[in-house]
Amino acid sequence: MGVVLKLKPQKLLNIQLPLFSSSVAAGFPSPAEDYIEGSLDLNEHLIKHPAATFFVKVSGDSMVGAGIFDGDLLVVDRALEAKNDSIVLAVVNGEFTVKRLRKIKNKITLLPENPKHRPIEITDGMDFTVWGVVAHVIHTLK
Amino acid sequence: MLFTPSNKKVLALVDCNSFYCSCERLFAPHLEKKPVVVLSNNDGCVVSRTDEAKALGIPMGIPYFKIRDFVKKHQVAVFSSNYALYGDISARIMKVLSQFTPEIEVYSIDEAFLDLTGFSNLQEYGLKIREMVKKLIGIPVSIGMAPTKVLAKVANRIAKKKNGHGGIFDLNDPQTQDSVLETIDVQDIWGIGYKSAEKLNRIKIKTAKDLRDANEHTIQKLLTVVGRRIVRELRGELCLPLELLRKDRKQIVCGRGFGKPVFELEEIKEALANYVTLAAERLRKQKSVCGTVQVILHTNPFKNTTQYFNQASITLLTGTSSTNTLIRAASMGLERIYQQGFEYKKVGVILINLCPANRNQMDLLSYRSISSSDSCMEAIDKINARMGRNALKFGACGTNDDWKMLAKLKSRCYTTKWNEILAV
């Protein structure tokens, strides 16, 4: 590996200097200095419940109508309540699937967003759980 | 008594059910209700089993090669251990648990003690904790509640046994303690090992109740002060309070078996250098330095070959956390004990004689080299934190991975590597 580390010249004495919070005037201060608020963190925007959030990669085209494409990254939040019309990561008979949840009275249907695919009706004999709610889709433009 | 005395604590032990297996199931839901086992490092022995695997009669700790045909026949799902995954899921669970009380001791990767003193309606609160962990993380837990740690362990044991306790058992009531402790064998008490249990059995102490009601002094003579503490804890007197802060480790151990037998010194040296690198990283993380490096080297005791086992200790002039110094010391130790001709199975390093870096005894003559090495280590740690472990490593670690351990059945690092996340 061709990595060379250049280290600072050795300090002969390790003297600790106090750190002052105000800077020394040298030239004109930036007029924005008093307004700097730190930078924006995308995690903060996309992840409301860090412990309960998982990333999942999409394969397939059954949800293109909802803006979810093959290869997209989903931010799945298990803390969110799955409501009617939520897009969920569900487990049907042991298999993962991403679909829109339709809850009418006691009937649950998983709807694709692509006419090529069929809705999945959840019937009594089926194992069904909602693994998490899809909170965001991250789609990279090529 | 109308009120519980104010000095009585309520501790809850939250323990994940078949933790490693449950982590695997979270990302492989088709394994729900199916038998699953997880193997130890190097695919050695069974270290985690689901209830279904237990029902098939697979014992804890059995070597994998002994059940290879059996698991195939009964369609048991087998996984190599995936510590990156388990560690991440564990951290998430602890985060959720710490929302229920500020007083929490993370006891192991899958257990935590919570102080719930003063909370009313414990059963309901326990159920809430259980539901939240299941919903937010997807891992089932059992909760045992009692005034002491030893009793909380007992309570947890009962919560785990399925018969209708809903995964929660409250052992705060003295009458319940009476009837429960009668049913617990002494060797199943936390802190009582096989040998201690034998000693106790010899003086007719068979159950946890017997031990609780035994004479403290007799027990201290037999099992030292450790045994006496257990007696007191069984009586509901708190002797082992929660350790809220993680204590720095007193020693750091790193070593694993080789995936295949290794003969050559150079190859063993490379493996050792990698383990030293890992151990040194941990050492710097807890801001300690190490004064003595111990190296162990041995053949496979389960194989019918000529056996060799040896260890060497190298004491350093001054404490250090610098990887290159530690690698040099470890290699020296290895050269001292290595002998040609054996089929080696494992090499490992143990860093002992640790002390906080800011209390390190300096060597009068080597101050300069230490400070430059410190900044070098800092730079390497920063680069590796940003670009991935081992982005930058010492030449001694080599590029040959032949010695790496077996993990043929490992699941993906679903939560810690971008290219291994769940695909649906």
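Each chain gets a letter, A, B and so on, in the order its sequence line appears, and its residues count up from 1.
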Are A:Thr109 and A:Glu121 close enough that a side-chain donor and a side-chain acceptor fall under 3.5 Å? no

When the 4.5 angstrom heavy-atom criterion is applied to A:Asn93 and chain B, the contacting part is neither

Does a side chain donor of either B:Asp15 or B:Ser142 reach within less than 3.5 Å of an acceptor in the other side chain? no

Options A:Ala51, A:Pro50, A:Ala52, ranked by heavy-atom pairs under 4.5 Å with chain B, top entry: A:Ala51

Pair A:Asp77-A:His136, side-chain donor/acceptor within less than 3.5 Å: no

Under a 4.5 Å heavy-atom cut-off, does chain A meet the side chain of B:Ile93, its backbone, both or neither? neither

Part of A:Leu80 lying under 4.5 Å from any heavy atom of chain B: backbone

With a 4.5 angstrom heavy-atom cut-off, could you sort out which part of B:Lys95 is near chain A: side chain, backbone, both or neither? side chain

Taking atom types as modelled and ignoring hydrogens, do the side chains of B:Glu24 and B:Tyr86 form a donor-acceptor contact shorter than 3.5 angstrom? yes

Between B:Glu52 and B:Thr50: side-chain donor-acceptor atoms closer than 3.5 Å: yes

By a 4.5 Å heavy-atom criterion (distance strictly below it), what part of B:Lys134 contacts chain A: side chain, backbone, both, or neither? backbone

Which region of A:Thr129, side chain (C-beta onward) or backbone (N, CA, C, O), has a non-hydrogen atom less than 4.5 Å from a non-hydrogen atom of chain B, or is it both or neither? neither

A:Asp72 side chain to A:His139 backbone, donor-acceptor under 3.5 Å: no

Sort A:Val56 into side chain, backbone, both or neither according to what part of it lies under 4.5 angstrom from a heavy atom of chain B. both

When you check the side-chain N and O atoms of A:Asn114 and A:Ser62, is any donor under 3.5 Å from an acceptor? no

Give the member of B:Pro29, B:Ala28, B:Ala423 that has the highest number of heavy-atom pairs under 4.5 Å with chain A. B:Pro29

